[in-house]
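Everything below concerns the one structure shown next.
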Amino acid sequence: MIMTFLIENALRAQKILSKLVIIQPINISMINIIAGLDVSYKDGLGCAVAVAYDSKNRALTTYSQYCEKVAIPYIPGFLAFREAPLMIKALLNLMSKIHIDITLVNGHGMAHPRKCGIASHIGVVLNIPTVGVAKSFLYGDVIRIGDNEAIVIDNTIVGYILRRNSKKIYVSIGNKVTAEDAANIVLNLWNYSYILPEPLRLADELSRKTVKKLAAKL
DNA sequence: GCGACAG
DNA sequence: ATCTTGTCGC
């Protein structure tokens, strides 16, 4: 009963937020610091980590974290209502320490039933450039463009599917980027042996270590 | 009604 | 996401 209430309002919020997404080119040559956002869980505790990655020196610069007991369940299509609050707090803390040019979020952007995945959700709320990077498909039509595959919704390319050996990742517009720029930015951060771009791989690794230590103390 | 379903 | 050891493969 309480969930129907939440979903009804969450749907309304997503429809509003999706209309506020800005699709515009970004100057990739001017991008220096890229943030990566991820959340790990243990015994109801969620730990979000926001890393700042220097794309020029190819190294982790610094990072922030925010942990909290999470009450909202994961429901496909509504991931942002569970994870965005934690990610945003970690990211705002990181932004107070260093300038961030663009943020990669673990989850989809516009490749979502209402074109409002967690990457777009966060991008619109904070009015910053974001890119969604997911490890599994959620929504949209897949079309082939030469050697590449794109994700199309409402006759618009919202993202691309990047392949590496047998694995794939789904990169889509979060906010203030084009699908092409989003894909190229992720390609530039692709490290030889991992499927995830470096900022997200590091955020994933750090959030797991963090939640493991904290949950053990509780 | 049936199947799909980010993390 | 998480629960979990060894094991197949590049």
Side-chain angles (χ1 to χ4, degrees), chain A residues 3 6-7 10-11 13-14 17-18 21 36-51 65-91 103-124 130-142 149 151-153 158-175 179 182-183 186 191-197 199-216 218:
Chain A
M3 287 312 300
L6 192 166
I7 289 178
L11 276 170
Q14 289 183 330
L17 290 175
S18 70
V21 170
L37 289 178
D38 193 24
V39 181
S40 289
Y41 301 89
K42 172 101 180 167
D43 300 332
L45 179 71
C47 285
V49 163
V51 310
Q65 58 187 48
Y66 179 82
C67 301
E68 187 180 80
K69 283 282 185 181
V70 178
I72 300 189
Y74 164 65
I75 299 172
F78 299 94
L79 173 67
F81 295 88
R82 173 176 167 84
E83 300 194 342
L86 304 186
M87 286 182 170
I88 288 174
K89 282 164 186 158
L91 181 58
T103 300
L104 270 42
V105 183
N106 190 330
H108 290 286
M110 286 184 71
H112 173 279
R114 291 163 293 284
K115 293 193 282 189
C116 191
I118 190 166
S120 297
H121 188 118
I122 291 174
V124 169
T130 58
V131 172
V133 180
K135 294 185 293 297
S136 61
F137 185 78
L138 176 64
Y139 187 84
D141 294 316
V142 177
E149 284 188 313
I151 302 172
V152 175
I153 298 178
V158 299
Y160 285 92
I161 300 175
L162 271 36
R163 308 163 157 279
R164 191 193 166 81
N165 298 322
S166 58
K167 293 183 178 178
K168 308 175 182 179
I169 51 175
Y170 305 79
V171 178
S172 61
I173 297 167
N175 189 44
V186 171
N191 211 322
Y192 43 98
S193 46
Y194 300 98
I195 184 66
L196 287 176
L200 285 180
R201 185 188 71 74
L202 291 166
D204 179 79
E205 183 178 277
L206 289 171
S207 64
R208 290 192 195 195
K209 288 182 179 175
T210 299
V211 81
K212 210 168 190 175
K213 289 182 181 178
L214 276 187
L218 303 182

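Proteins get letters first, then strands, A, B, ... in listed order; numbering begins at 1 in each. All figures in this text were calculated on a predicted structure; none of them were measured in a lab.
Nucleic acid contact for A:Gly46: none, since no nucleic acid atom lies under 4.0 Å from a heavy atom of the residue. Using a 4.0 Å heavy-atom criterion, one finds that A:Phe78 contacts the bases of the nucleic acid, with or without backbone contacts as well. Residue A:Asn106 is classed as a sugar-phosphate contact, given heavy-atom separations below 4.0 Å to backbone atoms only. As judged by a 4.0 angstrom heavy-atom cut-off over every strand, A:Tyr170 is placed among residues making no nucleic acid contact.
Between C:dT2 and A:Ser40, a contact under 4.0 Å exists linking OP1 or OP2 to a side-chain N or O. Within the 4.0 Å cut-off from OP1 or OP2 of C:dT2, not a single side-chain nitrogen or oxygen of A:Lys212 is found. Contact check, A:Arg208 against C:dA1: a side-chain N or O comes under 4.0 Å of OP1 or OP2. Residue A:Tyr139 places none of its side-chain N or O atoms closer than 4.0 Å to OP1 or OP2 of B:dA6.
When atom types are taken as modelled, the side chain of A:Ser172 and the backbone of A:Gly159 share no donor-acceptor pair closer than 3.5 angstrom. Although no hydrogens or angles enter the test, the distance criterion places a donor-acceptor pair under 3.5 Å between the side chain of A:Lys69 and the main chain of A:Asp43.
For the pair A:Glu83 CD and B:dG7 C1', the computed distance is 5 Å after rounding to whole Å. As rounded to whole Å, 19 Å separates atom P of C:dA1 from atom NZ of A:Lys69. One can place CD1 of A:Ile118 at 10 Å from P of B:dG7, the figure rounded to the nearest angstrom. Taking atom OH on A:Tyr194 and atom P on C:dC10, their separation rounds to 18 Å, with Å as the unit. Rounded to an integer number of Å, the gap from NE2 of A:His121 to C1' of B:dG7 is 15 Å. Between A:Asp38 atom CG and B:dA6 atom C1' there is a gap of 12 Å when expressed in whole angstrom units. The interatomic distance linking A:Leu206 (CG) with C:dA1 (P) rounds to 15 Å, in whole Å. Spacing between atom CD1 of A:Ile161 and atom C1' of B:dA6 amounts to 14 Å, rounded to whole angstrom units.
For the pair A:Arg82 and A:Tyr41, the cation-pi test (distance below 6.0 Å, angle within 45°) is passed.
Listed candidates were B:dG7, C:dA1, B:dA6. Nearest to the side chain of A:Pro76 is B:dA6.
Remark: ring of A:Tyr41 not stacked against base of C:dA1; the cut-offs of centroid gap under 5.5 Å and plane tilt under 30° are not jointly satisfied.
Aromatic ring centres of A:His108 and A:Tyr139: separated by at least 6.0 Å.
Side chains of A:Val49 and A:Asp38 form no contact here, defined as non-hydrogen atoms less than 4.5 Å apart.
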